[in-house]
Amino acid sequence: MAYWLMKSEPDVYSIDDLQRDQTELWDGVRNYQARNFLTSMALGDLAFFYHSNTKPPGIVGLMKIVETNVVDPTQFDPASPYYDPKSPPEQPRWRTVVVGYGETFDTIITLDQLKATFTPEDLWVVRRGNRLSVMPVAEAVAQRLLAMAHQGH
DNA sequence: GCCAACGTTGGC
DNA sequence: GCCAACGTTGGC
């Protein structure tokens, strides 16, 4: 089983929204590196939910991957901000996953705390200028994150 | 709101 | 295939 980190702006979709919905199709990713990580996810993988572009940014909870290799329907929807007219319907360009709600951590693990704990090599989200919205998290790093989440840092 | 980082686009 | 221009992300 692998671990991942997935970003969302809470104004757009937050962990509270996911708790309410329980499952959600993770649409709108339009970056090939992130897409490739999405398509390499497996059922039962776990993903840390990261709130970006908010105060403070950080990891707020955990999700599980409940469906893999799902065609992102927004690429074919002209009304969607994620519409991609160049995506061939017979061979959709953008695939993603369905995530399930796991848990909300008692306290957010802030980006400041992540920077103080991990190197940019260990946790890509602390890399300067990092814009990738889906990234792998190594097992050992994931275990440390879970320990931080469950013992209040 | 600013702006650095950086991926994408398109002219050549 | 290069690279300048442009748009977006996301921390601050």
Side-chain angles (χ1 to χ4, degrees), chain A residues 2-21 23-41 45-65 68-99 101-138 141-142 144-149 152-153:
Chain A
Y3 289 91
W4 307 90
L5 182 148
M6 297 164 76
K7 294 181 187 172
S8 179
E9 300 189 16
D11 288 350
V12 177
Y13 198 80
S14 72
I15 187 119
D16 291 340
D17 295 324
L18 180 59
Q19 182 172 23
R20 178 197 64 218
D21 299 338
T23 63
E24 177 73 1
L25 193 153
W26 201 266
D27 61 17
V29 173
R30 294 292 180 269
N31 169 282
Y32 286 103
Q33 190 178 8
R35 193 268 324 255
N36 292 344
F37 286 134
L38 286 170
T39 55
S40 65
M41 290 179 178
D45 282 1
L46 297 178
F48 293 95
F49 196 134
Y50 180 92
H51 278 178
S52 64
N53 205 13
T54 188
K55 287 184 180 179
I59 293 173
V60 293
L62 199 63
M63 310 181 270
K64 55 182 177 293
I65 308 307
T68 60
N69 207 31
V70 181
V71 173
D72 182 341
T74 60
Q75 68 195 304
F76 301 123
D77 177 6
S80 168
Y82 307 123
Y83 179 53
D84 182 358
K86 294 180 185 170
S87 180
E90 67 281 4
Q91 196 176 358
R93 183 178 290 182
W94 304 109
R95 289 175 181 272
T96 184
V97 296
V98 175
V99 295
Y101 177 74
E103 65 172 302
T104 303
F105 297 152
D106 290 338
T107 57
I108 180 174
I109 308 174
T110 66
L111 180 58
D112 281 348
Q113 290 166 329
L114 294 173
K115 285 178 174 173
T117 309
F118 299 100
T119 65
E121 292 74 28
D122 282 344
L123 188 63
W124 297 5
V125 79
V126 306
R127 291 181 183 181
R128 179 170 167 77
N130 168 60
R131 292 165 51 189
L132 193 62
S133 66
V134 179
M135 63 194 74
V137 176
V141 174
R144 291 177 68 188
L145 287 170
L146 291 172
M148 290 169 74
H153 317 155

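Per chain, numbering begins at 1; letters A, B, ... match sequence-line order.
- Salt-bridge check for A/D17 with A/R20: passed, with a basic side-chain N closer than 4.0 Å to an acidic carboxylate O.
- Rounded to an integer number of Å, the gap from CZ of A/R131 to C1' of B/dA5 is 6 Å.
- To the nearest angstrom, P of C/dG11 lies 13 Å from CG of A/D11.
- Between the C1' atom of C/dG11 and the NE2 atom of A/H51 lies a distance of 16 Å, rounded to the nearest Å.
- Contact annotation: A/K115 reaches the phosphate of C/dC12 (side-chain N/O to OP1 or OP2, under 4.0 Å).
- Closest to the side chain of A/K86, from the set C/dG11, B/dA5, B/dG10, is B/dG10.
- The side chain of A/K7 lies closest to C/dG10 when the candidates are C/dG11, C/dG10, B/dC6.
- Smallest separation of non-hydrogen atoms from A/N130 and A/K7: ND2-NZ, 3.1 Å.
- Rounded to whole Å, atom P of C/dG11 lies 17 Å from atom CH2 of A/W124.
- Where A/N53 and A/Q33 meet DNA chain B, the nucleotide closest to each residue was compared, and A/N53 sits on the side nearer the 5' end.
- Rounded to whole Å, atom C1' of B/dA5 lies 13 Å from atom CG of A/N31.
- Atom-to-atom, OH of A/Y32 to C1' of B/dC6 comes out at 16 Å; the value is rounded to the nearest Å.
- Neither OP1 nor OP2 of C/dC12 sits under 4.0 Å from any side-chain N or O of A/K55.
- For the OP1/OP2 pair of C/dT8 and a distance below 4.0 Å, the side-chain nitrogens and oxygens of A/Y82 include no atom meeting the criterion.
- When rounded to the nearest whole Å, the span between CG of A/N130 and C1' of C/dT9 equals 10 Å.
- A/R95 has no carboxylate O lying under 4.0 Å from a charged side-chain N of A/D72, or vice versa, which leaves the two without a salt bridge.
- Computed from coordinates, the A/L132 CG to B/dC6 P distance equals 11 Å when rounded to whole Å.
- Ring geometry for A/Y13 against A/F49 counts as parallel: the plane angle stays under 30°, on a 0 to 90° scale with 60° as the upper cut.
- Taking only side-chain nitrogens and oxygens, A/R128 comes nearer than 4.0 Å to OP1 or OP2 of B/dA5.
- Aromatic ring centres of A/F76 and A/W94: separated by at least 6.0 Å.
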